[in-house]
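The sequence lines fix the lettering, A, B, ..., with proteins before strands; numbering per chain opens at 1.
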Number of protein chains: 2
Amino acid sequence: MNLKQLAKELNLSISAVSKALRDSHEISASTKLAVLAKAKELNYQVNPFASSLRKQKSKTIAVVVPEIDNIFFALAINGIESVAQEKEYHVLIYLTHEDAQKEVSVTQLLQNGRVDGIMMSLSSQTTDFSHIQQLKEKELPIVLFDRVAEHINVPKVTTDDYDSGESATEHLIEAGCKKIAFLSISNNLSISNKRKSGYIDSIKKNNLPNSKNLIIECSQDDEKNKLLIKNLLKKKNRPDGIFASVEKLALLCYEVCDELNLNIPADIKIIGFSNLHTAALLKPSLTTITQPAYEIGRESALLIFKLIEKRGNSIIPEKTVVASSLIKRGSTKK
Amino acid sequence: MNLKQLAKELNLSISAVSKALRDSHEISASTKLAVLAKAKELNYQVNPFASSLRKQKSKTIAVVVPEIDNIFFALAINGIESVAQEKEYHVLIYLTHEDAQKEVSVTQLLQNGRVDGIMMSLSSQTTDFSHIQQLKEKELPIVLFDRVAEHINVPKVTTDDYDSGESATEHLIEAGCKKIAFLSISNNLSISNKRKSGYIDSIKKNNLPNSKNLIIECSQDDEKNKLLIKNLLKKKNRPDGIFASVEKLALLCYEVCDELNLNIPADIKIIGFSNLHTAALLKPSLTTITQPAYEIGRESALLIFKLIEKRGNSIIPEKTVVASSLIKRGSTKK
DNA sequence: CTGAAAGCGCTTACAG
DNA sequence: CTGAAAGCGCTTACAG
């Protein structure tokens, strides 16, 4: 069932039917009614490819994320989808699996008009950001969220990572910690640097000499990370507080403490960035800095639609920062 | 940059260039080389809408799931995406948020040719399956996974839910439970019925009269569920084993036991269907029946591509069953 | 208010 | 081996 057949049934021209379906002011009310009724009766649906080809609009956005089996990204996609649904847009998903090369190839793939805009969270392995710059130059709307590149001037949605890094550290200090280890995953994304800076500045400000040089660089290899943490906590002069910059490192700490028979929070206190639903169910429950993942997704989607619908000189902020929340639980009890 | 411009640059006809790009045997090797080089130089990309319109093929599949912030579905999507990537297909995501009406409207939306196939996990609220039947009649490839409707004859990928229901119950019995409560979420999907049947038959076979009528019907409202469970566990003659048919009910049990000061597994043993990464980190660690979510996703995707590429009389199995695994942990220790 | 026509950018059957 | 032409199914500027 296409326009041609529908027009024939109605004894109207294709153009009249098309206009009627799009509620054009050129068409009389009675004709519109007749067309709509017939279209419904025959279950006519516009061919999206013909329409997109003609209008040079896809009604589709792409979401490019490092992984999906990570509650943060799942929630962010959830937020993006809610806005897309409101706008009657379609959502394409691409996973980079933390592979910078894959990220570049997906970015290139998406330059053929398949989508009206791209929302991306960068892979931790990404060191070169020229593929993002390229999108910008091609004027393909893009919004980066969470895992962003600081120095690329495209709209970015992030959380207050520096502040969170600071307040998480302060929280450990208030809980009595004197020697705090920061478990870091180093990469070129500002998010991890900011958390680290927040920690470093807080340590300085509070004059905790024992915490100096206690930045532990972790990798993508959890076996290695576990060993690293184990060696750290085996020492006689082990830290009395751990700040895990990402969720999985906090969980590894729980495993290690179990194995070393260290009591959380008596022997060691732990805080970590996390969106885990079960943080409250761990024993002890895990104190977290929790990012509003769903809201980040929504916010990013609202921005991409502003860019897509951009007319004249509407102003798009380059930085949108939403606040994380510190949720105090058992793992940092005094 | 389109075919017309590219052809002009090469002093060739549009058709020759198109054929060369698609590696047609009609075109000479030298011409192909020249075309490919020029296309690369000018960064030519085929317009997907023109191509799809002409070929009546979208190179896109849709994934329709009840929710995404559920590790099971996130992992399944991960599996689907891995196959789609191999096939160079695009993946559209639609969330129904457990809303049957939404599920129907998405299904209708997808009948306009936007996708070559649909992979769907039904909403728990779905009671009428005619929208699925409709896809079948329209010969739009569809595969149902996990949350399937038993009596619709479309390809379905599920886990061995009856067997899992049985072996989970057996496991509790072996661990010494005499009175086992099954926490059920009732709906029209075979998955929950099968788990329940496995439980019921196992109870009968093992002759545990105290477990009769211990099927607790839970709802989508977790506050109510928690109260329900609390009232159950407050009783003097409370059960000594709980079989949670879905993840979140198992977690609610942990919360309730905490609040009632019941010791797991001494006072009560708990087993639950779950894909939670942190099941092992709970105190005590949670014994789970874990579905191979990623594999279910891959399997379903492989099936949809079989349907899409179907030629002649290739046989597509109506039922594909993959095995779940029972992972014994602390919550069911003798 | 309605319709004829051009054209979006491809692919492919057909002619040469 | 190459090219002219039709056509996929729409939308829209233009004519009447």
C:dG9 phosphate, OP1 or OP2, under 4.0 Å from B:Gln5 side-chain N/O: no

Sequence-distant partners of B:Tyr44, ring-ring contact (aromatic ring centres under 6.0 Å, His included), two or more places apart: none

Canonical and wobble pairing (Watson-Crick, G-U, under 3.5 Å) of DNA chain C, dot-bracket with |: |||.||||||||.|||

Cationic N near anionic O, under 4.0 Å, B:Lys38 to B:Glu41: yes

Integer-rounded Å distance: C:dT2 C1' and A:Leu21 CG: 15 Å

Carboxylate-amine/guanidinium contact A:Glu309 A:Lys87, below 4.0 Å: yes

Distance in Å, A:Ile304 CD1 paired with A:Phe145 CZ, rounded so as to fall on 0.5 Å steps: 10.5 Å

Sugar-phosphate, base or nothing in reach of A:Ser51, heavy atoms under 4.0 Å: sugar-phosphate

Short side-chain N/O contact to C:dT12 OP1/OP2 from B:Arg22, under 4.0 Å: yes

First of A:Ala50 and B:Ala29 reached from the 5' end of DNA chain D, by closest nucleotide: B:Ala29

Which residues share a salt bridge (charged side-chain N to carboxylate O under 4.0 Å, His left out) with B:Glu26, sequence neighbours left out: B:Lys19

For atom NZ of A:Lys8 and atom P of D:dC10, their distance in whole Å: 16 Å

B:Val91 side chain reached by B:Val63 side chain, heavy atoms, under 4.5 Å: yes

A:Asn112 CG to C:dC10 C1', straight-line distance once rounded to whole Å: 13 Å

A:Thr60 side chain reached by B:Arg114 side chain, heavy atoms, under 4.5 Å: yes

Atom-pair distance (CG on B:Leu53; P on D:dC10), nearest Å: 9 Å

Carboxylate-amine/guanidinium contact B:Glu98 B:Arg147, below 4.0 Å: yes

Within residues 35-43 of chain B, residues whose heavy atoms come under 4.0 Å of DNA chain C: none

Distance, rounded to the nearest Å, where A:Asn47 contributes CG and D:dC8 contributes P: 11 Å

pair B:Ile118-B:Ile61: side-chain heavy atoms closer than 4.5 Å: no

Residue from B:Thr158, B:Ile80, B:Val157 passing side chain to side chain contact (heavy atoms under 4.5 Å, CB included) with B:Ile296: B:Val157

Separation of C:dG9 C1' from A:Lys55 NZ (nearest whole Å): 17 Å

Closest to the B:Ser18 side chain, choosing from C:dG9, C:dT12, D:dC10: C:dT12

Sugar-phosphate, base or nothing in reach of B:Thr31, heavy atoms under 4.0 Å: sugar-phosphate

Contact under 4.0 Å: A:Asn2 side-chain N or O vs D:dG9 OP1/OP2: yes

N-O pairing of A:Glu9 and A:Lys4 below 4.0 Å: no

Nucleotide C:dC8, atom P - distance to CG of A:Leu3 in whole Å: 19 Å

Neighbour count above 12 (heavy atom, 6.0 Å) for A:Glu318 CD: yes

side-chain N/O B:Tyr44 vs C:dG9 OP1/OP2, d < 4.0 Å: no

Nearest-Å distance for atom pair NZ/P, residues A:Lys4 and D:dC10: 11 Å

Residue-phosphate contact under 4.0 Å: B:Gln56 side-chain N/O, D:dG9 OP1/OP2: yes

D:dT2 phosphate, OP1 or OP2, under 4.0 Å from B:Ser28 side-chain N/O: yes

Are any protein N/O atoms closer than 3.5 Å to N/O atoms in nucleotides 3-7 of chain D? If there are, list each pair with its distance.
{"from": "D:dG3", "atom 1": "OP2", "to": "B:Ser13", "atom 2": "N", "distance (Å)": "3.0"}
{"from": "D:dG3", "atom 1": "OP2", "to": "B:Ser13", "atom 2": "OG", "distance (Å)": "3.2"}
{"from": "D:dG3", "atom 1": "N7", "to": "B:Ser15", "atom 2": "OG", "distance (Å)": "3.4"}
{"from": "D:dG3", "atom 1": "O6", "to": "B:Lys19", "atom 2": "NZ", "distance (Å)": "2.2"}
{"from": "D:dA4", "atom 1": "N7", "to": "B:Ser15", "atom 2": "OG", "distance (Å)": "3.4"}
{"from": "D:dA4", "atom 1": "N6", "to": "B:Ser15", "atom 2": "OG", "distance (Å)": "3.0"}

Partners passing side-chain hydrogen bond (donor to acceptor under 3.5 Å, both in side chains) against B:Lys32 (at least two apart in sequence or in another chain): B:Asp23

